[in-house]
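Reviewing the structure listed below.
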Amino acid sequence: MQNDAQKPRRKALEIIGASLVRRMNSPESAQAGSSSLESEGIDPDLNTKAAREIMGWQVIEIAWAGDQTVPVWHDAKGDPMMSEFSWRPDRDEAQNMQILDAMLDLGYDFDLSVKRDHAVARFVAGSNRLGQSLNPDRKLAVIEAALEAIRSCPRSTV
């Protein structure tokens, strides 16, 4: 049972949480995120495609701060991983390495060549080169090559 001193703090946290959820779920927020990626020449759905196709995740809305909900990535077992808005393997080094680890777990070998002005990423299964990307951004090269590999070879045959 909460004491009287804890009630104002809990209410403040609920209000802050609800405010954040409204802001994250607003059309303006979604447009701002997409337009910034698009202005950089990046597929705004790249992170979503990586989560679904490579990681095998799905988005499930979960309750947050009263009657609000927040979209959260869940793995194949149904365990929550992180909010949909937090998944940024195109910018986050650790998340990008999660993609690499997932591909290695699926039986792919990985090659990366980094030059001053570009990177070439390759995922190979067996003797077939299955996915390759040349991109000025190393993290994007990894994601693009992984998606190409996943799409060119069904998981059951790797």
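The figures here come from the full heavy-atom set of this structure, side chains too, leaving out hydrogens, waters and symmetry mates.
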Partners meeting side-chain hydrogen bond (donor to acceptor under 3.5 Å, both in side chains) with [X] (sequence neighbours left out):
X: Ser113; answer: none
X: Gln98; answer: none
X: Asn96; answer: none

Is there side-chain contact between [X] and [Y], with at least one heavy-atom pair below 4.5 Å?
X: Pro136; Y: Asp117; answer: no
X: Thr69; Y: Trp64; answer: no
X: Asp90; Y: Glu144; answer: no

Can you name the residues that form a side-chain contact (heavy atoms from CB on, under 4.5 Å) with [X], not counting sequence neighbours?
X: Asp111; answer: Arg122
X: Pro80; answer: Val72, His74
X: Ala50; answer: Ile54, Trp87, Ile99, Ile143
X: His118; answer: Lys115, Val120, Leu134

Nearest-0.5 Å distance that lies between atom [atom1] in [X] and atom [atom2] in [Y]:
X: Met103; Y: Leu130; atom1: CE; atom2: CG; answer: 8.0 Å
X: Ile150; Y: Met55; atom1: CD1; atom2: CE; answer: 10.5 Å
X: Gln95; Y: Asp101; atom1: CD; atom2: CG; answer: 12.5 Å
X: Glu84; Y: Ile60; atom1: CD; atom2: CD1; answer: 12.0 Å
X: Glu53; Y: Thr48; atom1: CD; atom2: OG1; answer: 10.5 Å
X: Trp57; Y: Arg52; atom1: CH2; atom2: CZ; answer: 12.0 Å

When the ring planes of Phe123 and Tyr108 are compared, do they come out parallel, tilted or perpendicular, using 30° and 60° as the limits? perpendicular
Which atom of Ala141 lies closest to which atom of Ala121, heavy atoms considered: O-CB, 3.5 Å
For Asp79, is there any backbone N or O sitting under 3.5 Å from a side-chain donor or acceptor partner on Asp75? yes
